[in-house]
Amino acid sequence: EPYWAAILKLGGIPVEIPQLVYECGPHMKANPDLLHAEFVVEVKDMTGWGYKELLQPWGNVQVSEPGHYAQLQLYMYATDREWALYLVAPADPSLLQSQLKQRKKFGPTYEMPPYYVEWVPRNHEEIEGLLDRAAMLAADLQSDEPPPREYPGIPVDRAGKRIWPCGYCPHQPRCVETFGWGNYGY
């Protein structure tokens, strides 16, 4: 972050490394990398293939990195900003560029961008959904009842083919034994 803060300041964009941790929902705190008076700056180092996804025509933070997108939305909510600047640099630029040059799509003369920049607007519906999910998880922490199952617990279908995820879970027999889950008689 100090490196990017220095670069942005040299470019005339006054940003600061925040000294505060912001509240942003139940059991959640936001710690943005850099703050400007009008936007949040999030800096990421990314492995080669994740970075390559961002460079694709369909690539953007919302599609390629939904976890980063959610993080940006919560940071904007916590700091009361309407925009976020998403800066990404590959952790292994020479290796990735070498691998991309070997592919027909890019060719031997391909020059990979050294960083990826995207402006991300605040999405109120997304923030509301994230806060609702956080509230649900916080309520689950207070309850002695286990949360509802996300999967039916069935390990195999009628043809005997394994079903994800319970068909591959080493603890599935224990679920049948203890809770009766997944014992559907096929």
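All residue numbers refer to positions in the sequence shown, counting from 1. The structure displayed is predicted, hence computed values, not measured ones.
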In one Ile/Leu/Val/Met/Phe/Trp/Tyr side-chain cluster, 4.5 Å: I7, V117: yes
Ignoring hydrogens, what is the shortest heavy-atom contact between P114 and P90? Give both atom names and the distance. O-CD, 3.4 Å
Polar side-chain atom of T178 near backbone of R174 as donor-acceptor pair, under 3.5 Å: yes
At their closest point, which heavy atom of L34 faces which heavy atom of P18, and how far apart are they? CA-CD, 4.0 Å
Should the ring pair H36 and F39 be called parallel, tilted or perpendicular, given that the plane angle runs from 0 to 90° and is split at 30 and 60? parallel
Working to the nearest 0.5 angstrom, can you tell me the gap between Y75 OH and I127 CD1? 13.5 Å
Rounding to 0.5 Å, atoms CD (Q71) and CE (M28) come to a distance of 11.5 Å
Y86: which residues meet the ring pair (Phe, Tyr, Trp, His ring centres under 6.0 Å) condition with it, sequence neighbours left out? H68
Take E82 and M76 through the test side-chain contact (heavy atoms from CB on, under 4.5 Å) and record every step on the way to the result. CA-CA 6 Å; E82 291 297 317; M76 285 185 275; over 6 Å; no
Reported OG1-to-NZ distance for the pair T47 and K52, which is rounded to 0.5 angstrom: 11.5 Å
With rounding to the nearest 0.5 angstrom, report the CG to OG1 distance, N31 to T79. 11.5 Å
So L8 and L10, side-chain contact (heavy atoms from CB on, under 4.5 Å) or not? Walk me through it. CA-CA 5 Å; L8 292 170; L10 287 171; over 6 Å; no
Any side-chain heavy-atom pair from Y168 and R162 closer than 4.5 angstrom? yes
To the nearest 0.5 angstrom, please state how far the CG atom of L130 sits from the CD atom of E125. 11.5 Å
Regarding Y116 and E118, do their side chains bring together a donor and an acceptor under 3.5 Å, going by distance alone? yes
Is there a side-chain contact between R122 and D80 (heavy atoms, below 4.5 Å)? yes
Closest non-hydrogen contact found for C24 with A78 is CB-CB, 3.5 Å
Considering all heavy atoms of both residues, which atom of N123 and which atom of E126 are nearest to each other, and what is their separation? OD1-N, 3.0 Å
For K9 and E16, what are the C-alpha separation, side-chain angles and deciding distance, and is it a salt bridge (charged side-chain N to carboxylate O under 4.0 Å, His left out)? CA-CA 9 Å; K9 284 179 184 179; E16 298 296 328; 3.7 Å; yes
Indicate if Y115 and W49 have the same hydrophobic cluster label, given that clusters are the connected sets of ILVMFWY residues with side-chain heavy-atom separations under 4.5 angstrom. no
If you count the non-hydrogen atoms of other residues, nucleotides and ligands that lie under 6.0 Å from CH2 in W164, is the total more than 12? no
List the atom of P173, the atom of P170, and the distance in Å for their closest heavy-atom pair. CD-O, 3.7 Å
Could you pull out all residues at least two apart from E111 that satisfy side chain to side chain contact (heavy atoms under 4.5 Å, CB included)? Q97, K101
ILVMFWY cluster, L131 and M136 together (side-chain gap under 4.5 Å): no
Check this for me, if you would: do E23 and K29 make a salt bridge, where the nitrogen-to-carboxylate-oxygen distance has to be below 4.0 angstrom? yes
For E42 and L85, run side-chain contact (heavy atoms from CB on, under 4.5 Å): C-alpha distance rounded to whole Å, both residues' side-chain angles, the deciding distance at 0.1 Å, then the answer. CA-CA 6 Å; E42 184 61 20; L85 181 62; over 6 Å; no
If you group Ile, Leu, Val, Met, Phe, Trp and Tyr by side-chain heavy-atom gaps below 4.5 Å, do M46 and V61 land in one group? yes
Once you round to the nearest 0.5 Å, how far does CH2 of W4 lie from CD1 of I17? 14.0 Å
Membership question, hydrophobic clusters at under 4.5 Å side-chain separation (ILVMFWY): are L55 and V63 in the same one? no
Taking V41's backbone N and O only, do any of them form a donor-acceptor pair with D33's side chain (distance below 3.5 Å, no angle check)? no
What do the steps show when you test I163 against D157 for side-chain contact (heavy atoms from CB on, under 4.5 Å), and what is the final call? CA-CA 7 Å; I163 297 174; D157 62 11; 3.8 Å; yes
Smallest separation among heavy atoms of D92 and G48, with atom names: OD1-N, 3.4 Å
